[in-house]
Amino acid sequence: MVNSGKARAHTNIALIKYWGKADETYIIPMNNSLSVTLDRFYTETKVTFDESYAKDTLILNGGVVEENEAVKISKFMDIVRELGGTSAHAYIESENYVPTAAGLASSASAYAALAAACDKALNLGLTGKALSRLARRGSGSASRSIYGGFVEWEKGHDDE
């Protein structure tokens, strides 16, 4: 089985920030937040799942990410594998067109693009809401990068 998917997600900037997590597992925020999606800054990600891969590999901006830095990505990919009913590992190629550590939520666009690429590669057929919930498991702010324009991330009380 070799399945690939590619996606682009734009970063967002919080106008009203969320202040901590009520739930660490599902990344449920303590309060609602509001953001605006930025057209100029984005991440493009291609994911290829293959049963022959022994581990997940992340190529970020042309360079291989060290294993100790890729632990969070592999944990996210475990969630995707469970959702997709597969044990295949992935080769992930990501180009980030967001200035890192500039307060522009580069991890938000990164996890939103990764979630959307995985959705395409595994033919999950996730709705916008379900895709937002999946992206949130990598980075809370990624839930807002699934959508364009002004986005409210509601506090909620569980994974729904």
Side-chain angles (χ1 to χ4, degrees), residues 5-47 49 56-61 65-84 89-90 92-122 124-160:
K6 187 173 183 177
R8 175 186 285 189
H10 295 265
T11 192
N12 68 77
I13 188 162
L15 303 173
I16 299 174
K17 295 185 178 283
Y18 79 95
W19 298 99
K21 300 171 191 160
D23 182 292
E24 289 284 334
T25 301
Y26 294 106
I27 321 262
I28 309 261
M30 296 285 284
N31 59 286
N32 292 5
S33 65
L34 181 67
S35 69
V36 64
T37 304
L38 305 175
D39 287 341
R40 185 170 182 186
F41 301 112
Y42 59 92
T43 301
E44 285 186 335
T45 300
K46 180 181 179 186
V47 177
F49 287 91
D56 295 319
T57 301
L58 173 61
I59 307 297
L60 178 60
N61 297 329
V65 174
E66 297 294 324
E67 273 192 61
N68 61 341
E69 295 176 21
V71 170
K72 187 175 179 186
I73 294 289
S74 287
K75 287 181 182 180
F76 180 79
M77 296 307 290
D78 287 342
I79 295 166
V80 170
R81 278 188 279 278
E82 183 178 337
L83 186 61
H89 285 91
I92 306 161
E93 300 168 274
S94 191
E95 290 290 330
N96 196 356
Y97 299 95
V98 181
T100 303
L104 295 174
S106 60
S107 64
S109 62
Y111 276 100
L114 179 57
C118 289
D119 177 48
K120 289 177 183 175
L122 296 176
L124 299 175
L126 298 177
T127 64
K129 181 178 178 179
L131 190 56
S132 178
R133 285 175 43 216
L134 174 60
R136 182 188 74 214
R137 299 287 301 274
S139 168
S141 296
S143 63
R144 298 185 309 234
S145 281
I146 296 299
Y147 304 100
F150 289 93
V151 180
E152 181 182 11
W153 177 18
E154 294 181 0
K155 174 184 173 183
H157 303 285
D158 56 30
D159 189 36
E160 292 295 319

From Y147 atom OH to N12 atom CG, the distance as rounded to the nearest 0.5 Å: 12.5 Å

Sequence-distant partners of E82, side chain to side chain contact (heavy atoms under 4.5 Å, CB included), two or more places apart: none

Gap separating the CG atom of L34 from the CZ atom of R144, nearest 0.5 angstrom: 8.0 Å

Closest contact, heavy atoms only, S145 versus S109: OG-N, 3.9 Å

R137 (side chain) donor-acceptor with T25 (main chain) under 3.5 angstrom: yes

Nearest-0.5 Å distance that lies between atom CZ in R133 and atom CG in L131: 11.0 Å

Pairs flagged by ring-ring contact (aromatic ring centres under 6.0 Å, His included) wherever residues 65-84 is involved - sequence neighbours left out: F76-Y111

Minimal non-hydrogen separation, V80 against C118, with atom names: CG1-CB, 3.7 Å

Check: N96 main-chain N/O paired with N61 side-chain donor or acceptor under 3.5 Å: yes

Partner set under side chain to side chain contact (heavy atoms under 4.5 Å, CB included) for K46, not counting sequence neighbours: S4, K6, T48, E93

Those residues that, when tested against S94, pass side chain to side chain contact (heavy atoms under 4.5 Å, CB included) (two or more places apart): T43, T45, L58, L60

Nearest atoms (heavy-atom pairs only) where S143 meets S132: O-OG, 2.9 Å

Shortest non-hydrogen contact from G125 toward D119: N-OD1, 3.0 Å

Those residues that, when tested against A70, pass side chain to side chain contact (heavy atoms under 4.5 Å, CB included) (two or more places apart): V65

Any donor-acceptor pair under 3.5 Å from D56 side chain to H89 backbone: no

Salt-bridge criterion met for R81 and D78 (N-O under 4.0 Å): yes

Which atom of A117 lies closest to which atom of A7, heavy atoms considered: N-CB, 3.5 Å

Interatomic spacing from CG in L114 to CD1 in I73 - rounded to 0.5 Å: 5.5 Å

Full working for side-chain contact (heavy atoms from CB on, under 4.5 Å) between L38 and H10: CA-CA 6 Å; L38 305 175; H10 295 265; 5.8 Å; no

Considering all heavy atoms, the nearest V47-M77 contact: CG1-CE, 4.3 Å

pair L83-L122: side-chain heavy atoms closer than 4.5 Å: no

Identified side-chain contact (heavy atoms from CB on, under 4.5 Å) counterpart of V151 within the set T37, I146, V36: T37

With sequence neighbours excluded, residues passing side-chain hydrogen bond (donor to acceptor under 3.5 Å, both in side chains) with E95: none

